[in-house]
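Just so we're on the same page: letters track the sequence lines, and every chain starts at 1.
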Protein chains: 2
Amino acid sequence: MSSRKAKDALFDAFSSVAKVLGSGRRAELVDVLAQGERPVDELAQEIGQSVANTSQHLQHLQRSGLVRSRRQGTRIYYRLSGSSVAELWAAIRNVAAEHVAELDKLATAYLGDRSALDTLTQAELRERMSAGDVVVLDVRPEPEFQSGHIAGAVSVPLKDLGARLRNLPDDRQVVAYCRGPYCVFANEAVQMLRLEGIPATRLEGGYPEWAAAGLPVEAAPRQE
Amino acid sequence: MSSRKAKDALFDAFSSVAKVLGSGRRAELVDVLAQGERPVDELAQEIGQSVANTSQHLQHLQRSGLVRSRRQGTRIYYRLSGSSVAELWAAIRNVAAEHVAELDKLATAYLGDRSALDTLTQAELRERMSAGDVVVLDVRPEPEFQSGHIAGAVSVPLKDLGARLRNLPDDRQVVAYCRGPYCVFANEAVQMLRLEGIPATRLEGGYPEWAAAGLPVEAAPRQE
DNA sequence: GGTATAATCAAGCAATCACTTGACTACTTG
DNA sequence: CAAGTAGTCAAGTGATTGCTTGATTATACC
C-alpha cells in the first residue's frame, strides 16, 4: 500500500521541473523568455551559445513543460507556458539572494556596485510618471519592448543609447529599466547617462515584475 | 564590458539552487524538512534511503544553502534555512501541477483518486473549528507534530490510527491533515475512517501551507 | 524547381551524478 | 577508558549531461 515506487515517481516528476532549471544557460533562456516570446536564433545570441545547443536546451525546457513553441514562417517562437514559470524563476532568485553565500559577490562582479546606484520602487516610479517629471527608458533589445513594456516608456536599446544621447530631453530625470533585478542593461545605461551629466536612476526590478504587479503595460500588436 | 563570463557565473549560481532540487530524493527531504527539523537517521527512514546516501544529499543541500544543521548530542538536526525555501518548493509543485503532462496520473497512482475525496479549505476548517463541531487529526509522524501543528489538533500518526479508532469521538466530524497537497497520510486516514463508518475529510494542503498563511499554530517547546 | 535561411537531429566526448560499500570520526554512557 | 550510536568520508560504478560538429528537415523567395 502506498508504494515507495509511486512516491519516488511523483517526486521525480516534481524534481524534473527543478532539474531543467539546473543549467545556467536554461535559466538565462527563461529570464529572456519572461520578457516575451522569441525565435531560436535570437535566443541563441542573447545567451551567447550556438543555435544547435540553444535549440536543444529549448526542447529540453519544452519537454519539461516550462515553455511552448509556435511556428511562424521559417521561425519558431518560444514562450513561457504560463505565469507560474516566471514565479518559479523569481522564487529561485529569491532563495539564491538569501541563502547562497557567494551570490552577492557574483552579482557585483556582473552588475557593478549596486550600493552606489539608488533605485526607484514601482510605487515611486508610478508617482513620478503621473506627475510627468520623468522620462522612462526601456533599454532592452527592441523585440522585448515590442512584445510588452511599461505604458509610456520609450524604447532605447542599450546598444543605441550612445547614438541617441543628444535626443534625450534634458528637463526631466531619466529612469531606465530592463529585464529584472539581475539585468545589466539598466545599470550600464544609468552609468553612461551620468557620465554625460544627465541625472538618471534605475527601476527596482524590471518589466516582468512590473507586469506581474498588475501595473499598466502596453504592447505592439503581435503580427500573425 | 559586462563580460559573458560574469553573467554565466551569476546564472550558474542561480541554477545551482534549482539543480540541488533536481533530485527526487532531495525534493522529498525538503518536503519533510518543511514540517520542521529532523535528525539524519529519521530523514533517511522517511525517504527510504540509506543513512550514508541521505547524509550526502543533506550536505549537498547545505552546501547549496537550502538547509542548515545543528548538533545536539550525538544527533545532527537539519532544517530549512528560511521560508523562501518552502516557497520555492511550493512554486515547483505549482509549475508541475500546471504544466507537467503526466503529473496527474502519477499523483493519482500515489494518492488515489482525489476527485472522490472532497477537501476542506483553510477558511472552511477555521470556521468549523471555531464552531467546535470538528476534531482535527494530525496524521504525520509524531516528531513533525512536536515541532509544529495546527492549534487544537490531536496527534494520531497514521501508523497508530488503526489502534486508536475506538477512542475517537463519534459526535463530531473528523478532519485529517498532513504534510501538504501531495502527502498520502491524510488520504489514507480518511479512507480508513470511512471504512469504519466515521465521517471524515481532509484539509486542502497541509501544515506548512497553514503556517505560511499565518493561521494559528502551536508547538512543543524545543528541548535544547 | 533551386537556393537560402531557420531550426532540428544524430553521434560523440569529457564531466558530473546517484547510489553502494566499508572505513572512520564524534559524542554519550557505563 | 571501553563500548555503542549517529553521522560522515572516500572510493568506485553505471548512467546522465552539456556542448561540439556535421548532416538533415521545413519553409520562404526568386
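Residue-level contact check: A:V40 touches the backbone only, with heavy atoms under 4.0 Å from sugar-phosphate atoms and none from bases. Using a 4.0 Å heavy-atom criterion, one finds that A:Y77 contacts no nucleic acid atom at all.
Following rounding to the nearest Å, A:R70 (CZ) and C:dA6 (C1') show an atom-to-atom distance of 15 Å. For A:Q59 and C:dC9, the CD to C1' distance is 8 Å, given to the nearest whole Å.
The closest side-chain heavy-atom distance from A:R202 to A:Y177 is not below 4.5 Å. At a threshold of 4.5 Å between non-hydrogen side-chain atoms, the residues B:R38 and B:V32 count as touching.
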Item checked: Protein proximity profile, nucleotides 14-30 of chain C - base contact B, sugar-phosphate-only contact S, no contact -, cut-off 4.0 Å on heavy atoms -> ---SSBBB----SBS--

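Under the rule for a salt bridge (charged side-chain N to carboxylate O under 4.0 Å, His left out), B:E87 has no partner lying at least two apart in sequence or in another chain. Here A:A200 pairs with A:V174, A:V190, A:L193 under the side-chain contact (heavy atoms from CB on, under 4.5 Å) rule; sequence neighbours left out. In this structure A:P39 satisfies the side-chain contact (heavy atoms from CB on, under 4.5 Å) test together with A:D41, A:E42, A:R75, A:Y77, sequence neighbours excluded.
Comparing the axis of the opening five pairs of the helix from C:dG1-D:dC30 to C:dG30-D:dC1 with that of the closing five pairs yields an angle of 30°, rounded to 10°.
Salt bridge present: A:E209 and A:R93 bring a charged side-chain N and a carboxylate O closer than 4.0 Å.
Extent of DNA chain D lying under 4.0 Å from chain B heavy atoms, first and last nucleotide in 5' to 3' order, is D:dA6 to D:dA10.
Here the two rings, on A:Y182 and B:F14, have centers that are under 6.0 Å apart.
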